[in-house]
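From a predicted model like this one, the values you see are computed outputs, not experimental measurements. Residue numbers run from 1 in the order of the sequence given.
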Amino acid sequence: MPHLWATALRRRPIIQQPPACAAFYSTIPTPPYSPTPSNPYVGVGTRPFPPATAAILREPVQPRDLVIQRDRGWLYLAEERYLDILDRAFGSGNWDLRPLSAPRRTPSGRTAFRSYALYADGRFVSEAVGDAAAAAGDGAPEAVEAGCKYAALVRCCKDLGVALELWDPPAVSRLRSEFFVRVPGRGWTRKPG
């Protein structure tokens with residue numbers, strides 16, 4: 001004689017429940033993505049970049065593209081170089097650096113800052129705060145805004161792997177000693193040749 005609980009289980013219809021993660025996957029947006037002020041992170045992590053795009057983003061820094069700050073010896077790439085890398089990787093007009101906040105100043109008023117988000121292929125890629133000395137360009141709002149935007153662009157590009165050598169102190173020391181020289185009274189300058 002079968003057990004009563006076995007008989008009860010046979011009579012009960014089996015209802016198949018979707019897995020708990022099904023609700024999550026139904027909320028992932030499909031291209032084309034349309035970020036909004038309430039959801040600037042649309043499309044984040046939905047798919048990797050194609051190998052060709054990743055290769056362009058990870059290209060090593062070319063010594064001819066390096067710029068050095070004369071007094072401190074800091075190495076960086078000019079803004080035009082970052083723009084060129086993004087254009088080659090994603091296509092001209094297929095990426096955008098959008099402000100996420102209004103421009104603000106520190107309590108001392110000497111530094112301005114603003115949050116930006118980088119979008120490529122219509123999806124969120126990275127977010128960073130850009131800052132600039134408020135006295136840059138004689139304090140002109142356009143110059144300060146441009147400084148904030150450039151600083152945010154550099155930080156967002158770091159998340160993509162662009163110019164990672166410039167964030168590595170041993171690599172920076174090697175590049176500086178190989179291609180630049182410190183001239184007394186003039187600061188850092190490019191080596192001749």
Side-chain angles (χ1 to χ4, degrees), residues 33 35 40-104 111-137 140-180 187-191:
Y33 306 109
Y41 307 108
V42 68
V44 66
T46 54
R47 67 183 192 278
F49 290 120
T53 299
I56 292 169
L57 295 171
R58 300 267 179 181
E59 286 177 352
V61 172
Q62 297 299 314
R64 68 179 178 274
D65 296 330
L66 291 173
V67 180
I68 193 162
Q69 192 174 28
R70 288 187 179 270
D71 57 344
R72 295 184 175 166
W74 292 350
L75 293 178
Y76 60 95
L77 291 179
E79 182 177 7
E80 295 79 23
R81 184 66 182 127
Y82 284 103
L83 302 179
D84 176 58
I85 292 168
L86 292 174
D87 281 345
R88 286 190 305 116
F90 301 112
S92 184
N94 203 23
W95 64 272
D96 189 21
L97 188 67
R98 298 181 186 174
L100 293 180
S101 68
R104 298 179 187 214
T111 304
F113 61 94
R114 190 172 192 180
S115 295
Y116 290 87
L118 178 64
Y119 294 87
D121 291 333
R123 60 187 165 137
F124 174 84
V125 174
S126 181
E127 176 181 0
V129 174
D131 59 323
E142 299 82 16
V144 174
E145 174 68 21
C148 289
K149 191 171 184 178
Y150 170 70
L153 177 67
V154 170
R155 293 172 182 148
C156 286
C157 284
K158 176 187 176 188
D159 290 345
L160 289 172
V162 176
L164 284 181
E165 304 95 316
L166 300 180
W167 296 89
D168 179 29
V172 169
S173 293
R174 181 186 55 78
L175 288 166
R176 187 177 11 209
S177 65
E178 193 173 336
F179 299 103
F180 297 91
W188 289 94
T189 185
R190 188 174 293 277
K191 284 182 180 178

To the nearest 0.5 angstrom, please state how far the OH atom of Tyr150 sits from the CD atom of Glu80. 9.0 Å

Nearest 0.5 Å, please: how far is CG in Leu160 from CG in Leu86? 7.0 Å

Between Phe179 and Ile68, is any pair of side-chain heavy atoms under 4.5 Å apart? no

Mind listing the closest non-hydrogen atom pair of Gly93 and Asp87 along with its distance? N-OD1, 4.4 Å

Separation between CG of Leu83 and CG of Leu77, rounded to the nearest 0.5 Å: 11.0 Å

Arg104 atom CZ, over 12 foreign heavy atoms within 6.0 Å: no

Of the non-hydrogen atoms in Ser126 and Cys156, which two are nearest, and what is the gap between them? OG-CA, 3.6 Å

Give a yes or no answer on whether the side chain of Arg176 reaches the backbone of Gly73 with a donor-acceptor pair at less than 3.5 Å. yes

Which distance, rounded to the nearest 0.5 Å, do you find between the CZ of Arg114 and the NZ of Lys149? 9.0 Å

Check whether any side-chain heavy atom of Val154 lies under 4.5 Å from a side-chain heavy atom of Trp167, and answer yes or no. yes

Check ion pair Arg155-Asp131 (N to O, under 4.0 angstrom): yes

Shortest non-hydrogen pair, Ala132 vs Gly147, comes out as CB-C, 3.8 Å

Would you call Trp95 and Val125 a side-chain contact if the rule is heavy atoms closer than 4.5 Å? no

Partner residues of Asp65 under the salt bridge (charged side-chain N to carboxylate O under 4.0 Å, His left out) criterion, sequence neighbours left out: Arg81

Kindly compute the distance separating OH (Tyr116) from CD (Glu127), expressed to the nearest 0.5 Å. 12.5 Å

Of all heavy-atom pairs between Pro60 and Glu165, which one has the smallest distance, and what is that distance? CA-OE2, 3.1 Å

The reported gap from CG in Leu66 to CZ in Phe180 (rounded to nearest 0.5 angstrom) is 5.0 Å

For Thr111, enumerate each residue passing the side-chain hydrogen bond (donor to acceptor under 3.5 Å, both in side chains) test, keeping only those at least two apart in sequence or located in another chain. none

Taking all atoms of both residues into account, what is the closest heavy-atom pair of Ser101 and Ser115, and its distance? OG-N, 3.0 Å

Can you find a pair of side-chain heavy atoms, one from Glu59 and one from Ile85, that are under 4.5 Å apart? no

Over 12 non-hydrogen atoms of neighbours within 6.0 angstrom of CZ in Arg58: no

Looking only at heavy atoms, which two atoms of Ala134 and Val144 are closest? And how far apart? O-CG2, 3.4 Å

